[in-house]
*Asks:* 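Got a structure for you, written out below as structure tokens; questions coming shortly.
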2 protein chains.
Amino acid sequence: MAAEQDVTTRARIRDAAIEQIARRGYSVSVRSIAQAAGVSVGLINHHFGSKEGLREACDGHVLELILTAKRESVAGGALASLAAMSRIEEYAVPVAYCLRCLQAGGSAAARLIDHFVSDARVWIADGVASGLLKPSLDEEARARTLTVMGFGSALLALTLYTADGGDEFSPERLSDFLNHYIAEHGLPMVELYTHGVYAGTDTLDAYLEATGRADQGRTAAAAADPTTSPGGASTAGATAASPQED
Amino acid sequence: MAAEQDVTTRARIRDAAIEQIARRGYSVSVRSIAQAAGVSVGLINHHFGSKEGLREACDGHVLELILTAKRESVAGGALASLAAMSRIEEYAVPVAYCLRCLQAGGSAAARLIDHFVSDARVWIADGVASGLLKPSLDEEARARTLTVMGFGSALLALTLYTADGGDEFSPERLSDFLNHYIAEHGLPMVELYTHGVYAGTDTLDAYLEATGRADQGRTAAAAADPTTSPGGASTAGATAASPQED
DNA sequence: CGCTCCACTGAACGCTTGTTCAGGATGCTA
DNA sequence: TAGCATCCTGAACAAGCGTTCAGTGGAGCG
């Protein structure tokens, strides 16, 4: 899968740093990284200037790893491709690193998300074109929302999962977590993605009304779900009783 | 709103700690807290034993604050109640504290989530009973999933939002963020909650088939969405091409 | 008054952090 | 062989952290 191994000391330090960060988070000390890499502390700063420089090198390398891995994998959404990757043992570390990256925030996290958003944009457009997915009133926003929801919920679940029982986060613990995550949230998510949760379109109508895009809403809703009667046959009342908006 | 103010020095330290943690995260130093409270460092440990003790006192106090605030607010889902609370200026700090708590993980985060899950369970059951929400195959799992998705996506959005432009997180920045969050993700979320994303039920059927709950699935799906023909009239093919599962 | 209890301070301790630097070791080049 | 650049080490540095503790000051009380 990976190209010719980079066996320079610099690469060994970088890889050790990636694994340590994946295991223990961005706050891991350079001394731990040095020990894991089997080098002295000074050498790290000799090669990377500072801890920040090391982090940037790790970010860039992992992002590149993800890119090439995704280029090789045929298709699949953001989280699906991550889950698929984690099954391949050698990719558990970069996946965990990505989650740590999102956990820590910063520009690297923003770049990572942006990448997966533009990725989602593509396969959502494909899905809509092939009739697998319903169209949206705002495809751009939907791509971003689905990506943030997917990663955000996984990240929070991971934070809660990591909470009890040691902060160490070994690769096998990651696959444990993913199995746990899919077992717990798989059905409700597929259900949500298939049926939604609202019985009627009242909330959406009210939202479109409130934000002044009522007209495009009706037409788009009718186009999206032809089984819905275009009149007022939906359930009555309760326009402001939405559980998500008020 | 709040009961009689607690003006003891111990309470002043606790409140200063809550605000500092809300602003700068759990990693804030006790010296910063001491300075913000206008006391010496030693006094904090005199009252709370250690930084961990201070954190527990803060966690408990904020949780209690949230509880009483929710008891006063009539209804609303988890995130909605948070958003509504943040509008009241005095509750911006505990809300931000909760997000920092979830960000940091640990048992306090788990307790917070558990609380909101059991909260969601109630209003979801109410919604199903009143016909506003569709029933689910697993109401318990759905309550947990919706809660984790709601908070997780908000938390990730916040992490990305906080990334650029200072780590300080003032109360007005929180309301800025919430406005930004709702403006960006409001429509796609309502859309998702209304229509889902899948055009057909193939993915759900395939998932139920794969997990061996096919029979309860068909009946429940038919009950949930009476417009769907119970036969095989849905779009053909592509049973394994789900963008979320593979 | 003297005693005790309590809130409270400020300096210090031990520890870990990221960073720096003089110097040893190695290998290539003139 | 001499010179030089590079890789690399280990000790030291300053700064920050949470924690500890001797000691001050004032209020309540016998």
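Chain A is the first sequence line, chain B the second, and so forth, proteins listed ahead of strands; every chain is numbered from 1. Excluded from the calculations below are hydrogen atoms, water molecules and symmetry mates; all remaining heavy atoms, backbone and side chain alike, are included.
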*Asks:* Flag the pair B:Glu139 and B:Arg121 as a salt bridge only when some basic side-chain nitrogen lies within less than 4.0 angstrom of an acidic carboxylate oxygen.
*Replies:*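 Between B:Arg121 and B:Glu139 there is no salt bridge, as every charged N stays at least 4.0 Å from the carboxylate O atoms.
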
*Asks:* Just checking B:Ser40: base, sugar-phosphate only, or nothing, at a heavy-atom cut-off of under 4.0 Å?
*Replies:*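 Counting heavy atoms under 4.0 Å across all strands, the contact made by B:Ser40 includes a base.
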
*Asks:* Please determine if A:Asp59 and A:Arg55 form a salt bridge, counting it only when a charged side-chain N lies under 4.0 Å from a carboxylate O.
*Replies:*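 Yes, this pair counts.
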
*Asks:* Indicate, with yes or no, if the rings of B:Tyr26 and B:Tyr97 have centres closer together than 6.0 Å.
*Replies:*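 When the ring centroids of B:Tyr26 and B:Tyr97 are compared, they turn out to be within the sub-6.0 Å range.
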
*Asks:* Please give, in whole Å, the distance from C:dT16 C1' to A:Arg24 CZ?
*Replies:*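 From A:Arg24 CZ to C:dT16 C1': 14 Å.
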
*Asks:* Rounding to an integer number of Å, can you tell me how far A:Asn45 CG sits from D:dT9 P?
*Replies:*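 After rounding, the reported distance stands at 13 Å.
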
*Asks:* Whole angstroms only, please: what is the CG-P distance between B:Leu54 and D:dC17?
*Replies:*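 Spelled out: CG on B:Leu54 to P on D:dC17 is 15 Å.
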
*Asks:* Pick the nucleotide of DNA chain C nearest each of B:His47 and A:Lys51; which residue has the one closer to the 5' end?
*Replies:*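 The 5'-side residue here is B:His47.
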
*Asks:* Does a side-chain N or O of A:Ser29 approach OP1 or OP2 of C:dT17 to a distance below 4.0 Å, or not?
*Replies:*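 For C:dT17, OP1 or OP2 has a side-chain N or O of A:Ser29 closer than 4.0 Å.
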
*Asks:* If I take atom CD in residue B:Gln35 and atom P in nucleotide D:dC17, what distance separates them, rounded to the nearest angstrom?
*Replies:*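 After rounding, the gap between these two atoms is 11 Å.
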
*Asks:* C:dT9, D:dC8, D:dG18: which one has an atom nearest the side-chain heavy atoms of A:Leu43?
*Replies:*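 Looking only at side-chain atoms, A:Leu43 lies closest to D:dC8.
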
*Asks:* Between atom CZ in B:Phe48 and atom P in D:dT19, what is the gap in whole Å?
*Replies:*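 Result: 13 Å.
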
*Asks:* Answer yes when A:Arg10 and A:Asp15 have at least one side-chain N-carboxylate O distance shorter than 4.0 Å, and no when they do not.
*Replies:*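 A:Asp15 and A:Arg10: not salt-bridged.
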
*Asks:* If you assign each of A:Arg31 and A:Gly38 to its closest nucleotide in DNA chain D, which residue comes earlier from the 5' end?
*Replies:*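 On the 5' side of the pair lies A:Gly38.
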
*Asks:* Would you tell me if any nitrogen or oxygen in the side chain of A:Ser50 comes within less than 4.0 Å of OP1 or OP2 on C:dG18?
*Replies:*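 No, because none of the side-chain N or O atoms of A:Ser50 sits under 4.0 Å from OP1 or OP2 of C:dG18.
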
*Asks:* Taking B:Glu19 first and then B:Arg23, would you say they form a salt bridge - that is, a charged N and a carboxylate O separated by under 4.0 Å?
*Replies:*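 Yes, B:Glu19 and B:Arg23 are salt-bridged.
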
*Asks:* Return the value, rounded to whole Å, for the distance between atom CD of B:Glu56 and atom P of D:dG18.
*Replies:*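 Answer to the nearest Å: 16 Å.
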
*Asks:* Closer than 4.0 Å, any side-chain N/O of A:Thr9 to the OP1 or OP2 of D:dC7?
*Replies:*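 No, A:Thr9 has no side-chain N/O under 4.0 Å of OP1/OP2 on D:dC7.
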
*Asks:* What is the distance, rounded to the nearest whole Å, between atom NE2 of B:His46 and atom C1' of D:dT24?
*Replies:*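 Between C1' of D:dT24 and NE2 of B:His46: 14 Å.
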
*Asks:* Please report the distance, rounded to the nearest Å, between CD1 in A:Ile44 and C1' in C:dC21.
*Replies:*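 Nearest whole value for this atom pair: 17 Å.
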
